[in-house]
Every structure is written in C-alpha cells, then in structure tokens.
Amino acid sequence: MQQLISPSGNRHDDLHSLEALAEVYAYPDQVNHGRPWLRANMVAGLDGAARLEGLSEGLSGDADKRIFGVLRALCDVVLVGAETVRAEGYRPARARAEFAAARAAAGQQPAPGIAIVSRSLGLALTTPLFTDPPVRTVVITTEDSPAETRREVAKVADLIVAGERSVDLPTALAALAERGWTRQLTEGGPRLLGQLAAAGLLDELCLSLAPLLTGGDAPRILHHAEMSDTQSMRLVSLIEQKGFLFTRYLRPAEPAPVSRPSL
C-alpha cells in the first residue's frame with residue numbers, strides 16, 4: 001500500500017499498519033473542543049457507480065474494508081440512511097481491541113454509535129442493531145412520522161426528532177454533537193450523502209475508487225443532490241493498492257487536519 005500526499009509531493013510507503021492509517025485519517029483537533037467534523041466514506045467504480053448488483057459490497061476489496069474499519073474505529077457516530085441500513089443489512093459497530101486505549105484516552109465510548117435517518121421509520125426493530133448494540137442506536141426522524149411507530153422505536157433506540165416533514169440535517173448533526181459525538185462519519189447511502197452535500201454540511205470525503213467498469217443504472221455517490229452550486233474539494237491524500245485508489249478530500253478553506261506520518 002502506498003500513500004501519495006499530492007499538495008506537498010511527499011510520499012510514504014507501507015501504510016499497511018492500523019496505526020499509520022489512523023494517523024493519516026485522524027480527525028482535526030476541533031473535535032476535541034466541541035466543534036463537529038463530518039466525514040463521508042464511500043466507494044465507487046470507475047464509471048461512477050456506487051453499487052454493484054444493488055450493494056456496495058461488490059465494489060469493495062480487502063484494503064477498502066481495512067480503511068472502512070479504521071474510519072469507524074476513529075469516529076463517535078456513524079450516520080446512515082434507512083434505505084442503506086435495510087439494503088446492506090447493517091449491524092452494530094463493534095469495539096476493536098487495537099483502538100481501545102486510544103478511544104479511552106480521547107474520552108470515546110468503546111465503539112461508535114449508529115444513527116439512522118428515517119422519515120417513515122420502516123425499520124426492523126428485532127435485528128441486532130436494536131436488540132444488542134454496544135452503544136444504543138439512535139433514530140433521527142420527523143415530526144410527521146407515524147406517532148405509534150415512533151413510540152415503538154423509542155423502546156429500543158434513542159429518538160431525535162429534527163424537522164417537520166423532512167429531516168432537518170443541520171439540527172440532526174447538532175443533536176449528535178450535543179451528545180459529545182463530534183467525530184462524525186456518514187456512510188451514505190447516495191441519497192443521504194447528496195442531501196448532506198447539498199446542505200453544505202460535508203467537511204471531508206473519503207472516496208474509494210474500485211478498478212471496475214460496471215455499467216447499469218446504479219446511482220452515483222451523490223444521488224438526487226440538488227446542489228445550488230458546485231463545491232470544490234482539495235485532495236490531501238491518495239493511497240493505491242492493487243489498482244484501488246483511496247482518496248481523501250477536504251473543503252478548500254480548511255487546513256489539513258493530519259500530521260503527516262514519517263515512515
């Protein structure tokens with residue numbers, strides 16, 4: 001695995017270790033002072049497809065899963081849309097022994113929580129995501145969601161009501177930050193990521209590019225995003241392994257939030 005830091009031209013080899021990856025993907029210091037940072041992690045094929053045969057799994061590989069695990073291990077909460085929860089069969093995030101000491105030192109819970117955005121509340125409440133999470137799952141919904149279903153969800157999850165007819169994402173993210181969850185990670189899917197980007201809430205995008213041409217009608221990583229204007233991002237790191245490219249982009253106005261490892 002190789003990393004290329006494009007802005008400075010520095011190059012670091014052998015970023016296979018979890019420790020090195022954790023340093024490359026470290027959150028900025030602002031998260032330690034109550035200011036949240038929203039990072040997205042997505043995978044796409046060379047032709048822009050965000051899914052293969054309906055799932056992101058077909059686009060993934062060993063290195064992608066390794067970085068996926070590191071990003072989860074660094075965050076406080078994983079924000080995800082209900083459609084993706086159903087399609088991908090989401091389970092609770094697990095605590096990882098390799099990151100236990102670092103999470104404890106940072107005042108984090110042993111594992112990140114899962115926060116699901118759902119207007120309809122069409123969720124399977126008997127799955128491990130609700131019956132056996134190490135951190136109680138959070139469901140974010142609207143005022144006009146079915147009242148009886150809200151009561152049922154509240155028995156097995158923490159409920160956040162944000163917005164009347166559609167989820168008010170700035171309010172939702174602020175509510176997560178009030179819990180101390182400032183290291184925020186979204187795994188989409190494409191519709192939720194499109195809404196976050198359109199609302200100007202995305203601080204960082206970690207995009208894995210699979211060396212595959214898939215064709216078909218799969219959505220892009222931003223689906224139905226009604227952007228008022230294009231948003232520039234700047235590349236701060238690029239990792240390559242076996243044809244996969246792992247990119248990391250930040251808002252152009254933000255300083256790079258990592259100290260570069262010297263390996």
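In this chain, residues are counted from 1 in sequence order. Note that these values count all heavy atoms, side chains included, but never hydrogens, waters or copies made by symmetry.
- For R179, the salt bridge (Lys or Arg N to Asp or Glu O under 4.0 Å) test picks out D158, with sequence neighbours left out.
- Within a 6.0 Å radius of CZ in R91, no more than 12 heavy atoms belonging to other residues, nucleotides or ligands are found.
- A 4.5 Å side-chain heavy-atom check between H33 and P28 finds every atom pair outside the cut-off.
- R51 has its side chain within reach of P219: a pair of non-hydrogen atoms, C-beta onward, lies under 4.5 Å apart.
- Separation of atoms CD1 (I140) and CG (L169) is listed at 8.0 Å; rounding is to 0.5 Å.
- K155 meets the salt bridge (Lys or Arg N to Asp or Glu O under 4.0 Å) test with E152; sequence neighbours excluded.
- Other residues, nucleotides and ligands contribute only 12 or fewer heavy atoms inside 6.0 Å of the CZ atom of R220.
- The minimum heavy-atom distance between Q231 and R251, with the atom names listed, is NE2-NH1, 4.0 Å.
- Under the 3.5 Å distance criterion, with hydrogens and angles disregarded, a donor-acceptor pair is assigned to the side chains of E204 and W37.
- To the nearest 0.5 angstrom, T141 atom OG1 is 11.0 Å from I160 atom CD1.
- Under the 4.5 Å side-chain contact rule for hydrophobic residues, V43 and F68 do not share a cluster.
- E148 meets the salt bridge (Lys or Arg N to Asp or Glu O under 4.0 Å) test with R151; sequence neighbours excluded.
- Checked by atom type and distance alone, the side chain of D47 never pairs as donor or acceptor with a backbone atom of L213 at under 3.5 Å.
- Looking at every heavy atom in both residues, A49 comes nearest to T214 through CB-OG1, 3.2 Å.
- Between P170 and L201 the shortest side-chain heavy-atom distance falls below 4.5 Å.
- Taken from CZ in F99 to CD in E19, the straight-line distance is 9.5 Å, to the nearest 0.5 Å.
- Inter-residue side-chain proximity for T131 and V156 is flagged as unmet; no heavy-atom pair is nearer than 4.5 Å.
- Under a 3.5 Å cut-off, the side chain of R66 and the backbone N or O of G61 do not form any donor-acceptor pair.
- Summarising the geometry, atom OH belonging to Y249 is positioned 7.5 Å from atom CG belonging to L238; distances are rounded to the nearest 0.5 Å.
- Here the closest heavy-atom approach between residue S208 and residue N41 is recorded as OG-OD1, 4.5 Å.
- Distance alone, capped at 3.5 Å, places no donor-acceptor pair between the Q108 side chain and the A111 backbone.
- Looking only at distances, no side-chain donor or acceptor of T171 sits under 3.5 Å from a matching main-chain atom of A162.
- Separation of atoms CG (L38) and CG (L205) is listed at 10.5 Å; rounding is to 0.5 Å.
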Check: residues 184-194 side-chain donor-acceptor pairs under 3.5 Å, at least two apart:
| unit_1 | atom_1 | unit_2 | atom_2 | d |
| --- | --- | --- | --- | --- |
| Q184 | NE2 | L173 | O | 3.2 |
| Q184 | NE2 | W181 | O | 3.1 |
| T186 | OG1 | L79 | O | 2.9 |
| T186 | OG1 | G188 | N | 3.2 |
| E187 | OE1 | R72 | NH2 | 3.0 |
| E187 | OE1 | Y90 | OH | 2.5 |
| E187 | OE2 | R72 | NE | 2.9 |
| R191 | NH1 | H224 | ND1 | 3.3 |

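- In terms of heavy-atom proximity, R39 sits nearest to L74 at NH1-CD1, 4.2 Å.
- Rounding to the nearest 0.5 angstrom, the gap separating the CG atom in D62 from the CD1 atom in I67 is 11.5 Å.
- Tested against R183 for a salt bridge (Lys or Arg N to Asp or Glu O under 4.0 Å), the candidates D29, D76, D203 yield a single pass: D76.
- At a threshold of 4.5 Å between non-hydrogen side-chain atoms, the residues Y27 and N32 do not count as touching.
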Solution key, residues 113-128 side-chain donor-acceptor pairs under 3.5 Å, sequence neighbours excluded:
| unit_1 | atom_1 | unit_2 | atom_2 | d |
| --- | --- | --- | --- | --- |
| S118 | OG | L121 | N | 2.8 |
| R119 | NE | R165 | O | 2.4 |
| R119 | NH2 | D144 | OD2 | 3.0 |
| S120 | OG | G122 | N | 3.3 |
| T127 | OG1 | A124 | O | 3.0 |

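- For the salt bridge (Lys or Arg N to Asp or Glu O under 4.0 Å) test, residues two or more places apart in sequence or in another chain that qualify with E98 are R96.
- Here the closest non-hydrogen pair linking A172 and V167 is CB-CG1, 4.4 Å.
- Summarising the geometry of E226 relative to A198, their closest heavy-atom pair is O-CB, 3.6 Å, with the distance given to 0.1 Å.
- When atom types are taken as modelled, the side chain of T247 and the backbone of L207 share a donor-acceptor pair closer than 3.5 angstrom.
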